[in-house]
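Below is one structure; the comments refer to it alone.
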Amino acid sequence: MKTTLISSIAVFSVLGLAGCQIVMVEDSPGPRSSYFDGDFEYAGHKGAVYTIVRGNPFGGSQERFAKIVRSKMKNQARAGRPISFVGKQNKTTYKPYKIVVGFNPGNRDGDDLCKSSDYPQSRGSTTKVVMAFCFGDTLKSSSTGWVDGLKSINDANFTKLVKETTNAMIPSYDGHDIGEGGNITN
(Lines give C-alpha, C1' and ligand atoms only; values in the text may rest on other atoms or scores of the structure.)
Protein backbone atom coordinates (compact mmCIF):
# COMPACT_ATOMS: atom_id res chain seq x y z
CA MET A 1 0.00 0.00 0.00
CA LYS A 2 2.76 2.43 0.96
CA THR A 3 4.71 1.70 -2.27
CA THR A 4 1.59 2.25 -4.38
CA LEU A 5 0.89 5.58 -2.69
CA ILE A 6 4.47 6.81 -3.18
CA SER A 7 4.45 5.65 -6.83
CA SER A 8 1.11 7.39 -7.44
CA ILE A 9 2.36 10.65 -5.93
CA ALA A 10 5.51 10.48 -8.07
CA VAL A 11 3.50 9.88 -11.29
CA PHE A 12 1.09 12.75 -10.54
CA SER A 13 4.01 15.05 -9.69
CA VAL A 14 5.73 14.30 -13.01
CA LEU A 15 2.49 14.80 -14.94
CA GLY A 16 1.85 18.07 -13.12
CA LEU A 17 5.34 19.39 -13.87
CA ALA A 18 5.14 18.33 -17.53
CA GLY A 19 2.33 20.82 -18.08
CA CYS A 20 4.24 23.71 -16.50
CA GLN A 21 6.32 26.22 -18.35
CA ILE A 22 9.41 26.81 -16.27
CA VAL A 23 11.95 29.42 -17.31
CA MET A 24 15.48 28.18 -16.59
CA VAL A 25 18.47 30.52 -16.78
CA GLU A 26 22.17 29.91 -16.26
CA ASP A 27 25.04 32.36 -16.35
CA SER A 28 28.35 31.40 -17.89
CA PRO A 29 30.51 29.31 -15.59
CA GLY A 30 33.47 31.07 -14.02
CA PRO A 31 36.10 32.11 -13.82
CA ARG A 32 35.42 34.92 -16.25
CA SER A 33 39.01 35.99 -16.75
CA SER A 34 38.14 38.66 -19.31
CA TYR A 35 35.27 40.19 -17.29
CA PHE A 36 36.10 42.88 -14.74
CA ASP A 37 33.72 44.49 -12.28
CA GLY A 38 32.48 47.65 -13.97
CA ASP A 39 32.91 46.47 -17.58
CA PHE A 40 29.21 46.60 -18.36
CA GLU A 41 28.76 49.96 -16.66
CA TYR A 42 31.64 51.32 -18.74
CA ALA A 43 30.21 49.84 -21.95
CA GLY A 44 26.89 51.58 -21.25
CA HIS A 45 28.22 54.83 -19.76
CA LYS A 46 26.83 56.83 -22.70
CA GLY A 47 23.36 55.36 -22.08
CA ALA A 48 23.14 52.33 -24.40
CA VAL A 49 24.88 49.19 -25.62
CA TYR A 50 24.78 48.08 -29.26
CA THR A 51 22.73 44.87 -29.33
CA ILE A 52 22.41 42.39 -32.19
CA VAL A 53 19.39 40.05 -32.05
CA ARG A 54 19.45 36.96 -34.27
CA GLY A 55 16.85 34.25 -34.71
CA ASN A 56 13.10 34.49 -34.27
CA PRO A 57 11.30 31.44 -32.86
CA PHE A 58 7.89 32.87 -33.79
CA GLY A 59 8.43 33.90 -37.42
CA GLY A 60 7.46 37.28 -38.80
CA SER A 61 9.55 40.42 -39.08
CA GLN A 62 13.05 40.00 -37.63
CA GLU A 63 13.39 43.77 -37.23
CA ARG A 64 10.17 44.04 -35.21
CA PHE A 65 11.10 40.99 -33.11
CA ALA A 66 14.57 42.41 -32.37
CA LYS A 67 13.08 45.74 -31.31
CA ILE A 68 10.70 43.97 -28.89
CA VAL A 69 13.54 41.89 -27.42
CA ARG A 70 15.73 44.98 -26.91
CA SER A 71 12.84 46.82 -25.21
CA LYS A 72 12.31 43.89 -22.79
CA MET A 73 16.06 43.91 -22.00
CA LYS A 74 16.08 47.61 -21.03
CA ASN A 75 17.38 48.20 -17.49
CA GLN A 76 17.43 44.46 -16.72
CA ALA A 77 21.22 44.03 -16.59
CA ARG A 78 23.05 44.68 -13.35
CA ALA A 79 24.23 48.25 -13.69
CA GLY A 80 24.32 51.34 -11.57
CA ARG A 81 22.33 53.39 -14.09
CA PRO A 82 19.57 52.86 -16.66
CA ILE A 83 20.97 51.30 -19.83
CA SER A 84 19.15 50.80 -23.12
CA PHE A 85 19.89 48.22 -25.80
CA VAL A 86 19.92 49.62 -29.35
CA GLY A 87 20.15 48.12 -32.83
CA LYS A 88 22.80 50.47 -34.25
CA GLN A 89 26.06 52.00 -33.12
CA ASN A 90 25.43 55.68 -32.37
CA LYS A 91 26.50 58.47 -30.01
CA THR A 92 24.91 56.63 -27.03
CA THR A 93 27.01 53.46 -27.56
CA TYR A 94 30.69 52.79 -26.97
CA LYS A 95 32.67 50.74 -29.50
CA PRO A 96 33.79 47.98 -29.55
CA TYR A 97 31.36 46.75 -26.87
CA LYS A 98 28.29 44.84 -28.07
CA ILE A 99 25.74 42.29 -26.97
CA VAL A 100 24.70 39.44 -29.22
CA VAL A 101 21.39 37.72 -28.50
CA GLY A 102 20.82 34.41 -30.27
CA PHE A 103 17.50 32.60 -30.26
CA ASN A 104 17.74 28.84 -30.83
CA PRO A 105 21.41 29.02 -31.88
CA GLY A 106 21.91 25.25 -31.81
CA ASN A 107 25.11 24.38 -29.95
CA ARG A 108 26.64 27.86 -30.26
CA ASP A 109 27.69 29.50 -27.01
CA GLY A 110 28.51 33.09 -26.04
CA ASP A 111 32.07 32.84 -27.33
CA ASP A 112 30.79 31.72 -30.75
CA LEU A 113 28.24 34.56 -30.87
CA CYS A 114 30.89 37.22 -30.15
CA LYS A 115 32.91 36.00 -33.12
CA SER A 116 29.96 35.67 -35.52
CA SER A 117 26.28 36.43 -35.04
CA ASP A 118 25.37 34.31 -38.09
CA TYR A 119 24.27 30.75 -37.37
CA PRO A 120 21.66 28.25 -38.55
CA GLN A 121 18.61 28.53 -36.31
CA SER A 122 17.50 25.27 -34.71
CA ARG A 123 13.84 24.32 -34.27
CA GLY A 124 12.04 22.58 -31.45
CA SER A 125 9.47 22.92 -28.70
CA THR A 126 12.05 24.54 -26.41
CA THR A 127 12.95 28.17 -26.93
CA LYS A 128 16.59 28.77 -26.08
CA VAL A 129 18.31 32.13 -25.89
CA VAL A 130 22.03 32.78 -25.51
CA MET A 131 23.21 36.30 -24.63
CA ALA A 132 26.83 37.33 -24.97
CA PHE A 133 28.44 40.54 -23.69
CA CYS A 134 31.42 41.12 -25.96
CA PHE A 135 34.40 43.42 -26.38
CA GLY A 136 34.79 43.16 -30.14
CA ASP A 137 35.11 39.43 -30.83
CA THR A 138 36.11 38.59 -27.24
CA LEU A 139 33.55 37.23 -24.79
CA LYS A 140 33.26 39.12 -21.50
CA SER A 141 30.34 37.14 -20.06
CA SER A 142 27.26 35.24 -21.18
CA SER A 143 24.06 33.56 -20.09
CA THR A 144 21.64 30.99 -21.47
CA GLY A 145 17.91 30.59 -20.87
CA TRP A 146 15.32 28.00 -21.86
CA VAL A 147 11.57 27.58 -21.70
CA ASP A 148 9.21 25.04 -23.29
CA GLY A 149 5.97 25.71 -25.10
CA LEU A 150 6.18 29.41 -25.95
CA LYS A 151 3.58 30.38 -28.53
CA SER A 152 4.26 34.08 -29.09
CA ILE A 153 6.06 37.20 -27.91
CA ASN A 154 2.95 37.98 -25.85
CA ASP A 155 3.54 34.96 -23.61
CA ALA A 156 4.47 36.13 -20.08
CA ASN A 157 7.22 33.50 -19.99
CA PHE A 158 8.83 35.04 -23.08
CA THR A 159 9.20 38.34 -21.20
CA LYS A 160 10.49 36.46 -18.14
CA LEU A 161 12.99 34.53 -20.32
CA VAL A 162 14.42 37.71 -21.85
CA LYS A 163 14.56 39.67 -18.60
CA GLU A 164 16.10 36.90 -16.48
CA THR A 165 18.66 35.95 -19.14
CA THR A 166 19.64 39.63 -19.48
CA ASN A 167 20.09 39.91 -15.72
CA ALA A 168 22.19 36.72 -15.56
CA MET A 169 24.44 37.88 -18.42
CA ILE A 170 26.20 40.44 -16.21
CA PRO A 171 27.78 38.76 -13.18
CA SER A 172 27.77 40.33 -9.74
CA TYR A 173 31.53 39.72 -9.40
CA ASP A 174 34.46 39.27 -11.74
CA GLY A 175 36.98 36.48 -12.28
CA HIS A 176 39.29 38.08 -9.73
CA ASP A 177 36.86 37.57 -6.83
CA ILE A 178 36.18 41.27 -6.61
CA GLY A 179 32.53 42.18 -6.18
CA GLU A 180 30.63 45.43 -6.43
CA GLY A 181 32.50 48.22 -4.68
CA GLY A 182 35.81 46.31 -4.64
CA ASN A 183 34.89 43.90 -1.85
CA ILE A 184 36.65 40.54 -1.74
CA THR A 185 34.08 37.71 -1.87
CA ASN A 186 35.93 34.86 -0.14
Side-chain angles (χ1 to χ4, degrees), residues 23-36 38-79 82-124 126-147 150 153 158-172 174-175:
V23 175
M24 297 177 53
V25 176
E26 137 187 307
D27 63 353
S28 58
R32 296 172 191 90
S33 58
S34 67
Y35 179 81
F36 292 91
D39 277 345
F40 185 74
E41 291 84 350
Y42 186 68
H45 78 274
K46 292 183 177 183
V49 177
Y50 172 51
T51 305
I52 302 164
V53 178
R54 295 286 191 248
N56 182 344
F58 309 114
S61 165
Q62 180 63 34
E63 185 177 327
R64 180 177 176 271
F65 178 73
K67 187 176 182 180
I68 290 168
V69 169
R70 286 190 291 266
S71 72
K72 291 181 183 300
M73 292 173 71
K74 185 175 183 177
N75 299 330
Q76 295 304 310
R78 294 179 180 118
I83 295 179
S84 297
F85 299 86
V86 297
K88 294 182 180 174
Q89 293 280 9
N90 60 37
K91 64 181 179 175
T92 67
T93 62
Y94 190 67
K95 286 183 180 180
Y97 289 101
K98 67 182 177 186
I99 292 176
V100 183
V101 180
F103 282 87
N104 296 335
N107 62 358
R108 293 184 141 238
D109 61 12
D111 192 51
D112 296 327
L113 292 180
C114 285
K115 293 175 182 160
S116 172
S117 60
D118 294 324
Y119 58 86
Q121 186 176 355
S122 63
R123 302 281 180 208
T126 299
T127 301
K128 177 183 176 182
V129 62
V130 177
M131 294 188 182
F133 172 49
C134 314
F135 182 80
D137 291 344
T138 303
L139 178 67
K140 287 285 194 179
S141 65
S142 66
S143 59
T144 304
W146 305 264
V147 67
L150 289 182
I153 57 175
F158 177 72
T159 298
K160 186 175 180 181
L161 174 69
V162 171
K163 287 182 175 187
E164 288 184 10
T165 308
T166 304
N167 186 273
M169 176 181 50
I170 306 303
S172 58
D174 61 25

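Between Ile83 and Val49 there is a side-chain heavy-atom pair separated by less than 4.5 Å. Here the side chains of Gln62 and Val53 are in contact, with some heavy-atom distance below 4.5 Å. Using a 4.5 Å heavy-atom threshold, the side chains of Phe65 and Pro57 count as touching. In this structure, Leu150 and Phe58 have side chains that are in contact, with non-hydrogen atoms separated by less than 4.5 Å. By the 4.5 Å heavy-atom criterion applied to side chains, Ser84 and Thr92 are not counted as neighbours. With contacts defined as side-chain heavy-atom distances shorter than 4.5 Å, the pair Thr144/Thr165 does not qualify. Side-chain contact between Glu164 and Val23 is present, with at least one heavy-atom pair separated by less than 4.5 Å. Side-chain contact between Leu161 and Trp146 is absent, with no heavy-atom pair separated by less than 4.5 Å.
Sorted by first and then second residue, the salt bridge (Lys or Arg N to Asp or Glu O under 4.0 Å) pairs involving residues 126-135 (not counting sequence neighbours) form an empty list.
A donor-acceptor pair under 3.5 Å links the side-chain atoms of Ser122 to the main chain of Asn104, judged by distance alone.
In this structure Tyr94 satisfies the ring-ring contact (aromatic ring centres under 6.0 Å, His included) test together with Tyr42, His45, sequence neighbours excluded. In terms of the side chain to side chain donor-acceptor pair (under 3.5 Å) criterion, residue partners of Thr126 (sequence neighbours excluded) are, by chain and number, Asp148. Every residue two or more places apart in sequence or in another chain was checked for a side chain to side chain contact (heavy atoms under 4.5 Å, CB included) with Ser71, and none qualifies. Under the side chain to side chain contact (heavy atoms under 4.5 Å, CB included) criterion, Lys72 pairs with Ile68, Phe158, Thr159, Val162, sequence neighbours left out. For the side chain to side chain donor-acceptor pair (under 3.5 Å) test, no residue two or more places apart in sequence or in another chain qualifies with Asp109. Scored by the side chain to side chain donor-acceptor pair (under 3.5 Å) test, Asn167 finds Arg78 as partners (sequence neighbours excluded). Under the side chain to side chain donor-acceptor pair (under 3.5 Å) criterion, Thr51 pairs with no residue at all, not counting sequence neighbours. For Asp118, the side chain to side chain contact (heavy atoms under 4.5 Å, CB included) criterion is met by Arg54, Ser116, not counting sequence neighbours. Qualifying salt bridge (Lys or Arg N to Asp or Glu O under 4.0 Å) partners for Asp112, counting only residues two or more places apart in sequence or in other chains: none. Take Lys115 and apply the side chain to side chain contact (heavy atoms under 4.5 Å, CB included) test, not counting sequence neighbours, and it matches Asp111, Asp137.
Closest non-hydrogen pair, Ala132 versus Gly110, comes out as CB-O, 3.5 Å.
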Distance-only donor-acceptor hits, side chain of residues 95-103, under 3.5 Å, sequence neighbours excluded:
residue, atom, partner, partner atom, Å
Lys98, NZ, Cys114, O, 3.2

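Here the CZ atom belonging to Arg64 is positioned 9.5 Å from the CG atom belonging to Asn56, to the nearest 0.5 angstrom. Separation of atoms CE (Met131) and CE (Met169) is listed at 6.0 Å; rounding is to 0.5 Å. The distance from the CZ atom of Phe85 to the CG atom of Asn75 is 8.0 Å, given to the nearest 0.5 Å. Here the CG-OG distance, from Asp39 to Ser141, works out to 8.0 Å after rounding to the nearest 0.5 Å. To the nearest 0.5 Å, atom NZ of residue Lys160 and atom NZ of residue Lys163 are 11.5 Å apart.
A 6.0 Å sphere centred on CD of Gln121 holds more than 12 heavy atoms belonging to other residues, nucleotides or ligands.
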| request: Mind running side-chain contact (heavy atoms from CB on, under 4.5 Å) on Asn90 and Tyr50 for me, showing each step along the way? | output: CA-CA 8 Å; Asn90 60 37; Tyr50 172 51; over 6 Å; no
| Run the side-chain contact (heavy atoms from CB on, under 4.5 Å) check on Leu139 and Phe133 step by step: do they pass? | CA-CA 6 Å; Leu139 178 67; Phe133 172 49; 5.8 Å; no
